Amino acid sequence: MATVICSSCISPGVFSRQQPRIAATTPEFSKVSCTSSLPSSKFFGKQSLKREENILLKGQDGEFSGRKAGSCWAHMGFPVKAVAVSNESVITTPMGLQVVETDKPNSRVQLNVTVPANVCKSAYDDVIKEFSKKAKVPGFRPGKRIPENVLVNYIGVPQVRSSAVEAILKKTIGEALSSVAGRALKESEHITSKFQDLEASFSPDDALSYEITVDVAPEIKWTSEKAYRNMKVKVELESDFTPEQNAKKEFRSRLKDLGSLRVKDSGGLEMGDVAIIDISCNRVNPDGTLGDKILSAEQKGFQLDTEDGANFLPGFVEALIGISREETREFRLVFPQTWSQEFLRGIHAQFTGFCKEIFVRRLPDVDDDLAPKLLEGCTTIDQVRTVLLQKHTIEAAQAKKQATHFAIADELAKVVIVDVPNSLLEEQGRQMYAAKLIELQAKSKLSKEQVVQLSSPEMVTNYLQSQKERIRDSVKQTLAVTEIFKLENLQYTEEELNKEVENAIDEFKRYNQEYDEKRVREQAEQLLEGSKVMDWLVENNEIEYSTLTFVQE
């Protein structure tokens with residue numbers, strides 16, 4: 001026999017030497033429902049109740065397990081400690097939890113939770129009861145009561161301690177979060193205490209403390225009282241072409257598709273001609289010297305239609321008018337702030353164009369016989385022109401409305417004051433990134449496989465980091481819109497909501513995208529709120545329109 005002396009209670013525990021044992025089967029504990037799913041916690045879903053290691057209590061003569069005299073937590077490896085009394089004011093829940101709430105930056109709240117000893121003991125007893133049902137301890141028949149110390153030694157103190165801590169967390173977290181109920185943002189809870197520290201400090205007869213952080217709905221303030229009513233919004237439209245002009249341009253484009261090209265015998269490039277050009281491009285340094293090549297702006301054998309100047313960099317076509325066959329011409333331009341490639345916006349560049357060939361275009365005679373070829377379903381030229389005008393009138397109105405809403409949103413971000421929670425930043429960023437991928441896929445620029453590759457955690461994280469400020473402004477705009485919708489008592493009908501949901505689902509199905517109908521409905525509500533607020537802001541603020549101007553050197 002070997003005697004192990006407990007320095008805590010000074011009463012000997014008598015243990016009998018035991019042969020090496022097989023690993024016990026750890027019972028699974030049913031989850032305790034709570035208000036939070038805690039998706040980000042390291043303890044839930046990742047911290048398994050099962051472990052392969054089993055550690056016995058050690059005495060001077062080796063490893064021991066067996067019966068003990070009396071009841072002492074220290075004998076079973078649990079620390080004995082005093083509970084410190086805090087001078088802080090605390091919230092006491094019905095379960096007896098003491099919760100200290102502390103405000104943190106970014107609309108985050110820290111909860112210091114102290115679980116009373118009786119709750120810890122109850123959770124520990126539940127764990128022991130579950131283990132006793134599952135464990136097959138040598139020397140004890142199934143269903144026969146197993147002394148607690150024998151069971152703990154057989155299962156292993158670390159495993160019992162780990163399971164008890166998990167049981168306590170699952171049992172108490174929901175109630176601990178009740179102090180922020182109604183304010184807490186979905187899926188923003190994080191347990192900041194280290195699980196290993198909780199295991200080390202756990203003792204069934206003592207209180208257990210842990211920390212949780214949770215994001216709460218931020219307070220919305222304005223730079224001045226109802227600042228959203230007094231905004232001066234400047235809207236820059238990308239084109240000053242009227243619907244009539246755009247309709248004529250499309251008519252001309254469709255007519256050219258039915259025409260033919262022939263090599264120009266003499267003379268330089270004129271408006272209406274088509275040229276084959278080799279283009280190279282370099283950045284222009286601040287001192288006027290040439291810098292690195294801009295590879296995305298270079299192209300060999302590029303077909304330049306001089307009537308399509310609106311599709312090119314502003315000033316590009318004009319710079320090449322007059323160039324002759326086999327002539328090289330250099331010219332400088334500035335990429336506008338609206339350029340699709342963000343990294344080129346505002347860049348000064350020098351282009352070098354080499355003209356390989358020039359063509360003149362022959363167009364067919366315009367009569368009613370040509371109408372069906374110009375536009376399917378039309379029988380006369382007048383009908384073609386009417387349909388095209390209707391199309392461009394609608395597009396112009398939509399473009400103006402969209403530009404107005406974007407400009408208003410930018411102004412809202414300037415007049416709203418809000419401490420944006422990190423969880424909202426991440427959620428909004430992920431939605432923006434997903435929308436960008438769906439848009440690219442819809443334009444057939446990405447295959448389904450490419451979308452999957454670009455959806456990797458690394459790619460998403462890079463986007464969230466590189467676009468953080470842009471995402472922050474987007475969140476501020478969204479919060480501002482929601483607040484205005486409430487302050488101005490705006491409403492939408494159930495019919496409008498159902499129609500928006502149906503349209504969204506149809507679009508998901510069109511592109512074979514998975515969707516959550518509940519989430520689609522929530523987004524539809526947000527879209528309708530945004531639309532109502534934007535329409536209200538257009539009516540209640542000063543809007544000034546102008547056309548973007550482009551720079552040519």
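Computed from a predicted structure; not experimentally measured.
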task = Would you mind listing every salt bridge (Lys or Arg N to Asp or Glu O under 4.0 Å) that reaches into residues 419-438, with sequence neighbours excluded?
result = Glu426-Arg430, Glu427-Arg519

request  = Decide yes or no on side chain to side chain contact (heavy atoms under 4.5 Å, CB included) for Val160 and Tyr124, but give the supporting numbers first.
outcome  = CA-CA 8 Å; Val160 174; Tyr124 173 81; 3.7 Å; yes

key: Test side chain to side chain contact (heavy atoms under 4.5 Å, CB included) applied to Tyr545 and Ile543, step by step   = CA-CA 7 Å; Tyr545 293 95; Ile543 313 294; 3.5 Å; yes

query = Parallel, tilted or perpendicular: which fits the ring planes of Trp339 and Phe335, with parallel below 30° and perpendicular above 60°?
reply = perpendicular

Is there side-chain contact between [X] and [Y], with at least one heavy-atom pair below 4.5 Å?
X: Glu529; Y: Leu490; result: no
X: Asp215; Y: Leu424; result: no
X: Glu496; Y: Lys532; result: yes
X: Phe331; Y: Phe316; result: yes

Between [X] and [Y], is there a side-chain N and carboxylate O pair less than 4.0 Å apart?
X: Glu101; Y: Arg183; answer: yes
X: Lys509; Y: Glu502; answer: no
X: Lys121; Y: Asp125; answer: yes
X: Glu411; Y: Lys414; answer: yes
X: Arg521; Y: Glu517; answer: no

key: Minimal non-hydrogen separation, Leu198 against Ser209, with atom names   = CD2-O, 3.2 Å

request  = Locate the shortest heavy-atom distance separating Pro314 from Leu333; write the atom from each residue and the value.
outcome  = O-CD2, 3.8 Å

Using modelled atom types and a 3.5 Å cut-off, is there a donor and acceptor pairing between side-chain atoms of [X] and backbone atoms of [Y]?
X: Thr404; Y: Lys400; answer: yes
X: Lys232; Y: Glu542; answer: no
X: Thr289; Y: Asn285; answer: no
X: Thr242; Y: Gln245; answer: yes
X: Glu175; Y: Met95; answer: yes
X: Ser162; Y: Pro158; answer: no
X: Asn106; Y: Arg108; answer: no
X: Thr393; Y: Leu389; answer: yes
X: Tyr228; Y: Val416; answer: no
X: Ser253; Y: Lys249; answer: no

message = To the closest 0.5 Å, what do you measure between CG (Leu425) and CD (Gln467)?
response = 13.0 Å

task = Could you tell me which residues satisfy side-chain hydrogen bond (donor to acceptor under 3.5 Å, both in side chains) with Ser179, sequence neighbours excluded, listed by chain and number?
result = none

